[in-house]
Structures are given as structure tokens and as C-alpha cells.
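These notes concern the structure reproduced below.
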Amino acid sequence: MHRKFWIGALGLALLISLGWGWNEYRLAGEYRIAAENNNRRALNDFASHLDQVETDMAKGNVASNPAQKILYLSQVSSKSDAALKDFAQIPAQQTGLSYVGQFLTQSGDFTRTLAQRIAGGGTISAEEEKTLSDMHERLMPVNQQVQDLILRMDTEKLVWTDPDPSLRQRLGLGTQVAEAAADGSEAPSKSVRSGLDQLDASLQKLPPFSYTGEYATRVVEKPLGLPAGDVTRDQSLERAREFLNKAGYADASPEFAGESQGPLGGYIWNFKESYLEVSRQGGVITLYRDQRSIEPKTLSIEEASNKAKAILQSLGWQLAITSSEEFGSYVQFDAVVEKDGVRIYPDKVRLMIALDNGQLVGFDASPFYAFHHERIFPTKLTMEQAVRKLRPNFQVLESRLAVIAKSGNQEVYCYEFRGRYQGEEYLIYMNASNGAEEKIQRIIKTPRGEYLK
Amino acid sequence: MKLHIRPWGMVITIGLLLSIALSGFAYAALGDRLLGRGSKGSEVTELQKKLVQLGYTVGTVDGKYGSKTEDAIRRFQKEHGLRVDGLAGTQTIKELKRLTGQSTNASGKAVGYKNIDTNLLARAVSAEARGEPYIGQVAVAAVILNRIKDPAFPKTVADIIYQPRAFSSVDDGQINLTPSASSIRAAQEAISGSDPSGGAVFFFNPAKTSNKYIWSRPQIKQIGNHMFTK
């Protein structure tokens with residue numbers, strides 16, 4: 001009797017677990033197919049967009065009528081963006097810098113710049129014509145190889161990513177495959193990803209394009225505003241202590257916490273809950289952050305702004321506060337250089353003031369030291385001439401001269417107009433020498449302050 | 001006929017009046033009274049939703065003011081310069097309502113929260129840099145934004161975060177957890193232009209990574225457990 005019961009119970013349990021297993025297997029299968037479909041869609045979209053980029057680039061090269069040229073160049077730029085988006089969705093083993101991605105970003109960027117210029121009545125130089133046809137030349141083999149990958153997916157059953165080494169290979173019983181892959185030889189790729197990686201490697205060997213645009217390959221930036229001469233670690237400690245003293249910590253004894261590299265590299269110091277960086281060149285404080293706990297607030301934003309001004313002065317800065325953003329127990333202020341009535345936005349210093357006692361809890365002068373230099377202002381339109389170039393019915397509330405950063409490392413000397421149009425508020429930046437609209441920002445009021453978008 | 005209907009009409013009317021009176025109780029607006037440990041009802045649910053929206057976890061949003069909700073209120077008070085008492089009084093609720101409100105344009109028209117990217121960025125920071133110093137969290141957010149400016153990466157926050165194998169927190173699903181308050185702040189700060197990473201486009205934990213590629217990148221600085229590289 002007992003035995004029969006147990007056999008029955010075990011049999012039932014087996015049936016239930018079989019049913020459960022089958023259901024899980026079926027579900028996993030469905031997920032696999034959904035994922036596979038997504039991957040295929042990304043790859044196909046990528047190949048198709050790339051092909052359109054190639055075709056439109058050829059047409060853009062030959063078009064002579066501005067309207068046609070703008071049409072094809074804009075298509076290249078929007079299809080390049082689309083191809084980049086697809087490319088970023090194809091499965092990979094790891095993510096690194098991608099030269100295929102870089103190529104697509106730059107072809108989109110370059111053609112957009114050209115299209116905008118022609119639309120504004122400008123022309124393309126012979127050199128730019130050459131860059132455009134070079135880009136096309138470079139794109140053709142890339143396009144071919146991607147189409148070849150699609151073909152091979154059907155004929156050779158390519159997988160998405162290289163499989164992890166099997167147990168046999170890991171134990172050293174079959175190392176041949178791994179070796180062939182490791183020596184970087186152009187063995188036919190086993191997976192879609194390795195095919196794309198080979199493409200990446202071949203693009204990496206080619207020199208970068210030189211052109212002016214938002215994503216032009218950036219040259220190694222040298223900070224423009226750091227004082228000359230290097231400081232030692234001991235000297236940097238002195239600078240750190242001076243700064244901490246002004247931030248409310250008399251007789252601080254900071255601890256060394258390592259060095260940082262790069263254009264604004266230097267020495268890192270920690271004191272209590274604060275973090276501080278002193279640049280190697282010039283020995284100035286580039287970054288400070290106090291993460292102490294902040295008590296209930298006793299100051300209004302107005303009062304904090306006055307504290308910020310006082311602290312800037314005690315640190316030896318002559319700057320104008322341009323904006324504030326509230327972060328609960330502290331407020332963040334941005335201050336910029338104002339010289340002869342011109343606001344120089346790239347030369348920015350950021351401060352954070354605690355609302356419990358008005359002490360400095362954050363300071364970031366890296367933008368200032370990266371961009372500050374003596375600027376020569378070109379001749380400009382008069383304010384009246386500039387105002388006349390604004391659209392009708394734009395109601396100006398504030399106006400001034402300013403320098404703003406444009407794409408890359410460029411700067412523009414502008415008239416800044418803050419004004420209203422149809423119930424919205426905007427900042428319009430107009431090139432001070434030729435009256436061209438350089439930038440428009442819409443002002444949004446968020447719960448934490450004004451926001452420019 | 002009429003006589004037959006009338007009693008039903010009475011019942012319906014009384015029922016309606018009762019339900020209106022009761023709903024008045026149940027749906028008292030948030031801010032009408034002091035909420036504290038043991039409070040219950042839809043006001044507490046609303047309070048909890050606002051706390052979660054700002055990154056203060058309350059366990060489950062269940063309309064019961066328990067220890068987790070009290071704890072969240074304390075943290076919110078602490079980080080917003082309010083008196084820390086664990087009670088949701090006029091000031092605390094006013095501040096919560098203000099911070100969870102929509103943005104407006106110049107003429108006061110609501111234009112939505114305007115924080116789509118901030119929210120995703122905060123999730124990534126929360127999942128990738130939990131337990132790191134705050135400045136390290138800002139740096140992680142800055143790395144993602146630096147990638148947008150770098151030609152070799154995709155051009156939107158979502159494309160960068162969901163790029164296959166770019167972030168381990170995407171692979172294991174941690175990216176979908178509610179972001180913490182400090183990571184929301186870190187994301188906001190990075191979006192407003194702070195970059196403590198010094199222009200980095202990668203970061204990794206030196207103690208946990210043997211990946212050759214990532215070690216080959218030029219290093220900029222270490223903040224907390226993360227090394228930031230070009």
C-alpha cells in the first residue's frame with residue numbers, strides 16, 4: 001500500500017516537473033527568438049542605412065544645383081545617424097571605441113555642416129569637395145563588407161558573437177582556433193561581431209578626416225588658462241591648506257590621495273569628507289568637494305548668493321554670477337568672467353554653498369582653466385543694428401555682449417538677447433560681427449531653477 | 001409604479017451621499033493634515049509616490065506610514081535642509097510637492113518633467129556606482145555624457161547605456177531598479193555641466209577587472225573604487 005502511494009506520488013511529481021520544464025523551455029525559446037529578431041532587425045537596418053548613405057553621398061558629390069546638394073547631404077547626415085543607432089544595437093562581447101561609429105558620426109556631422117552652409121547661401125571649398133569624395137571612397141568597401149556579412153549569415157550560419165572557448169579548449173586540448181584569432185591574422189570571421197571588428201581595425205589604420213564640425217576628431221586639448229610653472233607635491237599641499245582655510249577649515253591637515261593625469265592633472269588631497277585637486281601646472285585648485293552632512297537650512301538662496309560673492313572675492317576671483325540651481329541643502333552657482341561688459345561664458349567657475357552656514361561645499365574651476373585666455377574682439381554691429389535683425393514681435397527683456405562656446409573648441413562673439421515670443425522665453429545669440437543667429441536656447445522653469453534647453 | 005420606485009431611489013440617494021462623505025475621508029488631499037507613523041490612506045500613498053519619484057525608497061507603495069516611509073522622510077528632510085523629525089508636516093509636504101511638480105514655460109504652461117535623460121542617467125549611476133563617494137557618482141554620469149560628445153560612441157543617453165556589453169548593470173537588470181536620491185542629484189549635476197572625471201569615456205574597478213582593453217586606456221584619475229580613463 002505504502003509502496004504504491006510513493007510510486008504514485010513520485011510519478012506525479014515527475015509529471016509536474018516535466019510539464020514545468022517544458023513550459024520553461026518553450027518560454028526561453030520565445031525569448032531567444034525575440035532577441036534574435038531584434039538583432040537581425042538591427043543588422044539589416046544598419047546595412048540598409050549604410051547603403052543609403054553610400055548612394056546619397058555619391059549623389060551629393062555630383063549634384064551641382066544647391067537645392068539638390070542640400071537634399072542629398074541632409075539625407076547622408078540623417079541616414080548616418082540612423083546607421084549609427086542601428087550599429088550600437090548589434091550584439092558585442094565588449095564595448096570600446098568604435099571606428100565604424102566614428103566614421104558614421106563624422107560623415108553625418110560633416111555633411112550636416114556643409115548642408116547648413118549651402119542653405120545659408122555659402123559655398124563648399126575644393127578641399128571640402130575632396131574630403132567628401134574621400135569619405136565616399138572609404139565608405140564603399142565598408143558597405144561591401146557589411147553586405148557580405150549579411151550574405152554569409154545565410155550561407156555560413158554566422159553566429160552573433162564569437163563563442164566562449166569550450167571546456168576542451170580551456171583545458172588546452174584544442175588551442176588552434178584560439179591562436180589563429182589571437183595573432184590578428186585576417187582569418188575569415190566566425191561571427192558577425194568579429195566581422196565588424198575586422199572592419200573596425202581596417203578603418204583604424206586610416207588617417208582621420210580633418211574638417212570643422214561638432215564631432216571633428218578632437219586634438220589633444222592643452223589647457224589655455226593654467227598659470228605657468230609646475231609645482232611639487234609639497235607645494236600643492238600648501239595650496240590645498242590655504243584653500244581649505246578659506247572654505248572654513250583652519251589648520252587642516254589633508255592626506256595625499258594620489259595623482260591625476262590629463263590636461264588638468266595634478267595632486268589629489270582628502271581632508272575629512274572633502275576631496276580636492278591641485279593642478280601640477282600652476283598649482284591652482286581645480287576641483288573641491290565637501291561631502292559633509294548639512295544641517296537644517298538657515299539661509300535663503302538670496303543670502304547664499306551673497307555668501308558666494310564674498311567667497312569668490314576672498315579666493316581672488318572677479319566674476320559675475322549668472323545662474324543658480326537648487327540641490328536641496330545646498331545651492332549651485334555658476335560665475336563667469338565679465339570683461340568690458342562682455343560675458344565670457346566659457347571661462348566658468350562653479351560654486352556650491354551650503355544652506356546651513358553658508359560655507360563653500362563645492363568648487364569647480366576646471367572650465368575656467370581649460371578655456372581662459374586673452375581674447376581679441378572683432379569689430380561688431382551696433383546694438384541697434386543687431387536688434388533690427390531679430391524677428392518681428394520678439395520682445396527683448398535683456399541684452400548684452402557675450403562670448404559663447406560653439407561646437408568643438410570654437411568660440412563666437414555674440415549679442416545675447418533674452419526675450420519673449422508667443423508666451424515662451426528664449427536666449428538668442430547673434431553673431432556680433434555678421435548678425436547670424438548662432439544659437440537659440442529656450443528657458444524652462446523647473447522646480448529647482450531656470451533651465452536652458 | 002411610482003411608489004414602487006421611490007424606496008429604491010431613496011436607497012440610491014443615501015448610498016450616494018454616504019459614498020461621497022466616505023470618499024471625502026479616504027481621499028483627503030495630501031497636506032491637509034500631519035502624517036506620521038501609523039497614518040494610513042490615499043494621502044500616504046501619494047506621499048510615498050512622491051518620495052519614490054525623488055529617489056527615496058519606501059519599500060512598497062501601500063498607503064501605510066511604516067518604518068520605511070518614516071526613514072525615507074528622514075532622509076528627504078536631511079538632504080533638503082529641513083528639520084529631521086520623520087513626520088510629514090506642512091513644510092515637508094510643501095517641499096515634496098514643489099520638487100515633484102512639472103516644469104513650466106515662461107507663461108506658466110506645464111511642459112512635462114523634462115527629465116527623461118536625467119532619469120535614465122540616474123538609473124545607470126545608481127546601478128554602476130552604488131556606495132561610491134558622491135563625486136564619483138557625478139563622474140560616472142559625466143562619463144556617459146562625455147561619450148555623447150565623442151565621435152566613437154552613439155549619440156543619445158539611451159543608445160549609450162543600452163549598447164550591448166557597455167555596462168554590466170544593464171546585463172544583470174540592475175539598471176531597472178529605482179534610482180537613489182543621490183544618483184538623481186549626481187545625474188542632474190553632470191547634465192548641468194560638471195565633469196569630475198576629467199573628460200573620461202571609460203571607468204572600471206581595478207580590483208575586479210582583468211579586461212586587457214580597459215587596462216590599456218590612458219588613466220586619468222581614481223575616485224573611490226573607480227578608475228576613470230580616456
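On a predicted model such as this, the values are computed, not experimentally measured, just so you know. Below, chain A is the first sequence line, B the second, and so on; all start at residue 1.
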> Under 6.0 Å between the ring centres of A:W269 and A:Y275?
Replying inline: no
> Which residue pairs pass the salt bridge (Lys or Arg N to Asp or Glu O under 4.0 Å) test when at least one of the two sits in residues 189-200 of chain B, sequence neighbours left out?
Replying inline: A:R289-B:E189
>> Taking the ring of A:F394 and the ring of A:Y421, is the distance between their centroids below 6.0 Å?
In response: no
>> At a 4.5 Å cut-off on heavy atoms, which part of A:I268 comes close to chain B: side chain, backbone, both, or neither?
In response: side chain
> Considering only heavy atoms, which portion of A:E273 lies under 4.5 Å from any heavy atom of chain B: side chain, backbone, both, or neither?
Replying inline: neither
> Is it the backbone or the side chain of A:L355 that comes under 4.5 Å from a heavy atom of chain B, or both, or neither?
Replying inline: neither
>> Is the positively charged end of A:R418 above the ring of A:Y426, judged by distance under 6.0 angstrom from the centroid and angle within 45° of the axis?
In response: no
> Using non-hydrogen atoms only, which part of A:Q291 is less than 4.5 Å away from chain B: side chain, backbone, both, or neither?
Replying inline: side chain
> Measuring heavy-atom distances to chain A, does B:I160 have an atom under 4.5 Å in its side chain, in its backbone, in both, or in neither?
Replying inline: neither
> Which atoms of A:T446 come close to chain B, meaning under 4.5 Å heavy atom to heavy atom: side chain ones, backbone ones, both, or neither?
Replying inline: both
> Given that the side chain runs from C-beta out, which part of B:F202 has a heavy atom under 4.5 Å from chain A: side chain, backbone, both or neither?
Replying inline: side chain
> Non-hydrogen atoms of chain B under 4.5 Å away: do they reach the side chain of A:E277, the backbone, both or neither?
Replying inline: side chain
> How are the rings of B:H226 and B:F228 set relative to one another: parallel (under 30°), tilted (30 to 60°) or perpendicular (over 60°)?
Replying inline: perpendicular
>> For A:I444, which atoms come within 4.5 Å of any heavy atom of chain B: side chain, backbone, both, or neither?
In response: both
